[in-house]
Amino acid sequence: ILNVEQSPQSLHVQEGDSTNFTCSFPSSNFYALHWYRWETAKSPEALFVMTLNGDEKKKGRISATLNTKEGYSYLYIKGSQPEDSATYLCAFAPGGATNKLIFGTGTLLAVQP
Amino acid sequence: NAGVTQTPKFQVLKTGQSMTLQCAQDMNHEYMSWYRQDPGMGLRLIHYSVGAGITDQGEVPNGYNVSRSTTEDFPLRLLSAAPSQTSVYFCASSFRAGGIHNEQFFGPGTRLTVL
């Protein structure tokens, strides 16, 4: 059974705070690691797809790093804003030319004004 | 482009009834997937497809059937609904370019209640 774990489960921060979350995944048979942002009453939307060890990706105030050898990825949000409030999901894609994704349970971020 | 569409948005079934959740995409994506979302469980993969005529089981396939006769459509069938299948169901599609799978695009979801 492939296990993808995210921590913390939830996080409450003040506007302007910087924060980070962790995604742990199997370090063997790695193909890709996805990050998604999921707002309440909407559908998940992709932030990043990362495939190479040492990858760093950035989109505005959000960035992510990847360590495939030890099986973890960090998502960073710099200067959190209330509109960043959402659940952040990571998903592990095991090796093989398929679209199979195993999701973690997510980190719920609440940013207070 | 409409993206990924799902119908119906809401459905209530009685135990033992059957139904089909519809999913369609107009982006010519090869890959499609079905997930269910339950509180505290995240998204769990039910079935997925890598192209027309090809499907495979995900983490929680029992009680569900799929087929992929066209690139556009990927219906999910509940053969005999059970209360344990009460959930929100999401369909997603994706494509591969340059040998790398890209992000999945999700539909709006179907909220199913089984009484």
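The shortest heavy-atom contact between Gly107(B) and Ser43(A) is O-OG, 2.5 Å.
Only the side chain of Gln37(B) comes within less than 4.5 Å of a heavy atom of chain A; its backbone N, CA, C and O stay farther away. The contact between Leu45(B) and chain A is made entirely by side chain atoms (from C-beta outward), counting heavy-atom distances below 4.5 Å. Within the 4.5 angstrom heavy-atom criterion, only side-chain atoms of Tyr35(B), from C-beta onward, approach chain A. When heavy atoms are compared at a cutoff of 4.5 Å, Asp56(B) does not approach chain A at all.
Counting heavy-atom pairs closer than 4.5 Å to chain B, the top-ranked of the candidates Leu89(A), Leu101(A), Thr87(A) is Leu101(A).
Transitive grouping of hydrophobic side chains (ILVMFWY, heavy atoms separated by less than 4.5 Å) keeps Leu21(B) and Val4(B) in distinct clusters. Transitive grouping of hydrophobic side chains (ILVMFWY, heavy atoms separated by less than 4.5 Å) keeps Leu33(A) and Phe105(B) in distinct clusters. Taken together through direct or relayed side-chain contacts under 4.5 Å among Ile, Leu, Val, Met, Phe, Trp and Tyr, Leu112(B) and Val88(B) form parts of separate hydrophobic clusters. Phe90(B) and Phe103(A) fall within the same hydrophobic cluster, where Ile, Leu, Val, Met, Phe, Trp and Tyr residues are linked whenever their side-chain heavy atoms come under 4.5 Å apart, directly or through other members. Criterion: ILVMFWY side-chain heavy atoms under 4.5 Å apart, direct or through other members. Under it, Tyr48(B) and Met32(B) are not part of a common hydrophobic cluster.
Environment of CZ in Arg111(B): sparse, with no more than 12 heavy atoms of neighbouring residues, nucleotides or ligands closer than 6.0 Å. Residue-environment remark: CD (Glu83(A)) exceeds the threshold of 12 foreign heavy atoms within 6.0 Å.
Rounded to the nearest 0.5 Å, atoms NZ (Lys100(A)) and NE2 (His47(B)) are 12.0 Å apart. We find the CH2-CG distance between Trp38(A) and Leu43(B) to be 4.5 Å, quoted to the nearest 0.5 Å. Interatomic distance, NE2 of His34(A) versus CD of Gln104(B), reported as 6.5 Å (0.5 Å rounding).
Residue pairs meeting the salt bridge (charged side-chain N to carboxylate O under 4.0 Å, His left out) criterion with at least one member in residues 34-46 of chain A, sequence neighbours excluded: Arg37(A)-Glu39(A), Glu39(A)-Lys42(A).
Of all residues in residues 47-69 of chain A, those placing a non-hydrogen atom less than 4.5 angstrom from a non-hydrogen atom of chain B are Val49(A), Thr51(A).
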